[in-house]
Number of protein chains: 2
Amino acid sequence: MIIQIEPQSDVAIYKQITNQLIEGIARGHLRHGDSLPSVRAFAADLGVNMHTVNKSYHELEKRGIIKIVPKSGAVIEAQTKLLQGSPHAERIQHELKTVIAEALVLGMKTEQLEQELAMIMEDLKHNKQ
Amino acid sequence: MIIQIEPQSDVAIYKQITNQLIEGIARGHLRHGDSLPSVRAFAADLGVNMHTVNKSYHELEKRGIIKIVPKSGAVIEAQTKLLQGSPHAERIQHELKTVIAEALVLGMKTEQLEQELAMIMEDLKHNKQ
DNA sequence: GAATTGTTCTACACTTCATAGAACAAAATT
DNA sequence: AATTTTGTTCTATGAAGTGTAGAACAATTC
């Protein structure tokens, strides 16, 4: 599982880590039940501060993706059903609406969006890069 | 076109304005060719600083949604075709992938995502709230 | 001509981000 | 049993971002 940090990016480092870990899990590089590296080891590996990795882990825990076991480690959570009305589902829904609204405003059509969705699913599910 | 600012939100005010304007355009409350209020008038209306609205407008211009005519006003751009490979298209694509990856990790299924997409489209196109 | 426009500048307070170092107690390893 | 590693917590610092505030400018609009 390779993670690439771009220090010059306008995206915060802890968010880059968070997003790439999520994409790694989605691609199957990391599986449910797997443990993430310790914050110290991961930080040394990435060349960033320990606290930055720690922030990313807590972000992932807040989003229901990992569970941090005190004094032990961070474990990737099992997939839930994502029941409708749950905070996580509503958050996803809201984020999705924001992106789609912008896509529509920029002139993207319904079929184009459906095709885009299909391509992304294909990419995430079968393209392990 | 009513915009509601939540000062306590963890989302920056200028982003709240940006997102709600985009959603307003997607819903048809604002149409292509329409002018946005002057930064001073809008700021007074929202109860925020002029510079905050100005930042939102420049954010919208950077995203290709409005065009700021110096000394005149901000006009909503016409929809382009959003040709593949354009910076705007790639940005949308990237944002979409980020959200979808998280949805998958949380256990959302393909059909659920397609249904979600359809619901959002329906909401944006016909529900003018 | 007067008012309004977006732009630009300085200024201040506050928050966030990233780094750094230290110390702690619990867990894992040897 | 002793050592190492673990996440947590604390202080601290510098840089960047956010939001507000006021002023001035030139161009547009009325």
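Predicted model only: the values in this text are computed from it and were never measured. Within every chain, numbering begins at 1; the chains are lettered A, B, ... in the order of the sequence lines, protein sequences first and strands thereafter.
- A:Tyr57 OH to A:Thr18 OG1: the interatomic distance, rounded to the nearest 0.5 Å, is 10.0 Å.
- At the phosphate of D:dG7, neither OP1 nor OP2 sits under 4.0 Å from any side-chain N or O atom of A:His58.
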Base-contact (B) and sugar-phosphate-only (S) positions in nucleotides 25-30 of chain C, heavy-atom cut-off under 4.0 Å, - elsewhere
BSS---
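- Of the residues in residues 37-49 of chain A, those placing a heavy atom less than 4.0 Å from an atom of DNA chain D are A:Ser38, A:Val39, A:Arg40, in numerical order.
- For the pair B:Glu59 CD and D:dG17 P, the interatomic distance rounds to 13 Å; values are reported in whole Å.
- Between the B:Asp34 side chain and the B:Arg31 main chain, a donor and an acceptor come within less than 3.5 Å of each other.
- Of the N and O atoms on the side chains of A:Thr110 and B:Lys125, at least one donor lies less than 3.5 Å from an acceptor on the other residue.
- What separates CE of B:Met50 from P of C:dT8 is a distance of 12 Å, to the nearest Å.
- The distance from atom OG1 of A:Thr80 to atom CD of A:Glu77, rounded to the nearest 0.5 Å, is 8.5 Å.
- Of all heavy-atom pairs spanning A:Ala89 and A:Gly85, the tightest one is CB-N, 4.4 Å.
- For B:Lys55 and D:dT18, the NZ to P distance is 4 Å, given to the nearest whole Å.
- Residue A:Asn54 places at least one side-chain N or O under 4.0 Å from the OP1 or OP2 atom of D:dT8.
- Interface residues of residues 7-21 of chain A facing DNA chain C, ordered by number: A:Ala12, A:Ile13, A:Tyr14; criterion, heavy-atom separation under 4.0 Å.
- Follow the hydrophobic side-chain contacts under 4.5 Å out from B:Ile25 and you reach B:Leu36 in the same cluster.
- Side-chain contact check for A:Arg91 and A:His88: at least one donor-acceptor pair (N or O, by modelled atom type) lies under 3.5 Å.
- For A:His51 and C:dG21, the shortest distance from a side-chain N or O to OP1 or OP2 is not below 4.0 Å.
- Rounded to the nearest 0.5 angstrom, B:Gln79 CD and A:Lys109 NZ are separated by 5.0 Å.
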